[in-house]
Amino acid sequence: MSEEEIKFVVRAISNGSVPDYQISAWAMAVYFQGMNNREIRDLTLAMAYSGDIVDLSFIEGIKVDKHSTGGVGDKTTMVVVPLVAAADVPVVKMSGRGLGHTGGTIDKFESIPGFRVEKDFNELVEQVNKIKAAVVSQTGSLVPADKKLYAIRDVTATVDSIPLIASSVMSKKIAAGAQAIVLDVKVGSGAFTKSCEEAFELARTMVEIGKGVGRKVVAVLSDMSQPLGKMVGNALEVREAIDCLHGKGPSDLEELSLTLAAHMLLLGGKCSYFDRAFEYARELLLSGKGLNKFREMVSAQGGNLQYEIGSYGLPEAGIKMEVRAERRGYVYRLDAYEVGRTAMYLGAGRERLGDKINHAVGIELCKKIGDFVDRGDILAVVHADNRERVETARERLQSIYRLASEPVESTPLIISTVK
Ligand code: URA
């Protein structure tokens, strides 16, 4: 397609002048035929300019953003944003809600009583100039073409297309205005890119697009064959992120958060090489500076937490049911997609845009890939508010946990980096 043709399609998506079924047909054509790099770049820019472009020049310093391509149990934003802000690198994080089996950062923050995810622009600038961090919901005027196209892709099985994912992610990042961007490209069953080859291609495409418009971009490929951390579900994930900022998080969540934070510190000009940046991020975590920044950000956005109690004052589900191993063995598979679907079934995610979610429900995974389990050990705990669903979720988890008789290596978390 020529640049003009691409601009025509994007205009038609944004202003509704072409019916949805025609847009679906176009999305399906892109899905099957792919796009060349020039077409992907033109599509990204046309989408980015379909709405407002945020001007962050009122905020002092190098603004660094982060984006994950979506996964299950991925609560890294809640750890990474305060860590980086604690080093005085300003972060304006505009996030979305969960759709399908993947969770969304905004839904997670909304499980904090009183937390406001909407701020007008002046308030946002003031907050970031003062405390360096804010996490807000993407407004409707930011890349309206993506909002519309994403909803159509979601119901026409055209989400997992590299040109469509790359343009969706990068148009939002370009419109959100940061000078530097760290991308977390997920690989595995719980991700939209299931294989390393696809994830590499997506990462390379997005890095090229970003560099082409003068942004600094780094992409980290990370494993999403099993969920990240132990908690899946909104309030449960906030709890785990706060535990992590206390230095008591699961090792995979801590490692990925420190890796992403380190790349952001490098791009923000705070360190000149990766190992030093990683150590600096660890110091910010262990000294409690990241936690203090999280607390500052939560209270600046109206949130109320009680840090001295175990649940931090987050909503808790009425029913907690254990899932126990029926035999001994080593966990060799814990399919992230299936866990995400089960959490969604409990009410942690929405089937359709606009569905109400239950912030308290979810799944606590007590065993991960590589762990040994004896017969009768607790594999997971289902947090639910409905007796019937808790039983179905328990049965599903029983079959999602696959056990082998021989020891199994756990899967590597950080697969590669693309610059
Ligand atoms: N995340 C996005 O923002 N867009 C996609 O298309 C997929 C993941």
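Ligands are counted one by one from 1 in listed order, and the atoms in each one are counted from 1 as well. Quick caveat, the model's predicted, so the values are computed rather than measured.
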Counting each atom of ligand 1 from 1 as listed, which ones have a heavy atom of Ser168 under 4.0 Å away?
->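 Close to Ser168: 2 (C), 3 (O), 4 (N), 5 (C), 6 (O).
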
Ligand-residue contact atoms, ligand 1 with Lys172, heavy atoms, under 4.0 Å |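 Close to Lys172: 2 (C), 3 (O), 4 (N).
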
Give me the ring orientation class for Tyr312 and Tyr307: parallel if the planes are under 30° apart, tilted from 30 to 60°, perpendicular past 60°.
->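 Tyr312 and Tyr307: tilted rings.
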
For the atom pair CE (Met231) and NE2 (His383), what is the distance rounded to the nearest 0.5 Å?
->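 With rounding to 0.5 Å, CE (Met231) is 6.0 Å from NE2 (His383).
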
Enter the distance from Phe115:CZ to Gln301:CD here, rounded to the nearest 0.5 Å.
->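 Here the interatomic distance stands at 3.5 Å.
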
Any N/O pair Arg153/ligand 1 closer than 3.5 Å |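 Yes, at least one N or O pair falls under 3.5 Å.
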
Which residue holds the protein heavy atom closest to atom 8 (C) of ligand 1, what is that atom called, and what is the gap in Å?
->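 Scanning the protein heavy atoms, the shortest distance from atom 8 (C) of ligand 1 goes to Thr69 O, 3.3 Å.
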
Side chain, backbone, both or neither: which part of Ile165 comes within less than 4.0 Å of ligand 1 when only heavy atoms are counted?
->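 It is both parts that get close, each with some atom under 4.0 Å.
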
Starting from the C-alpha separation in whole Å, work towards a yes-or-no answer on ring pair (Phe, Tyr, Trp, His ring centres under 6.0 Å) for Phe274 and His263.
-> CA-CA 7 Å; Phe274 181 80; His263 283 294; 4.8 Å; yes

Does Arg389 make a cation-pi contact with Tyr345 (under 6.0 Å, within 45 degrees of the axis)?
->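 Yes, a cation-pi geometry.
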
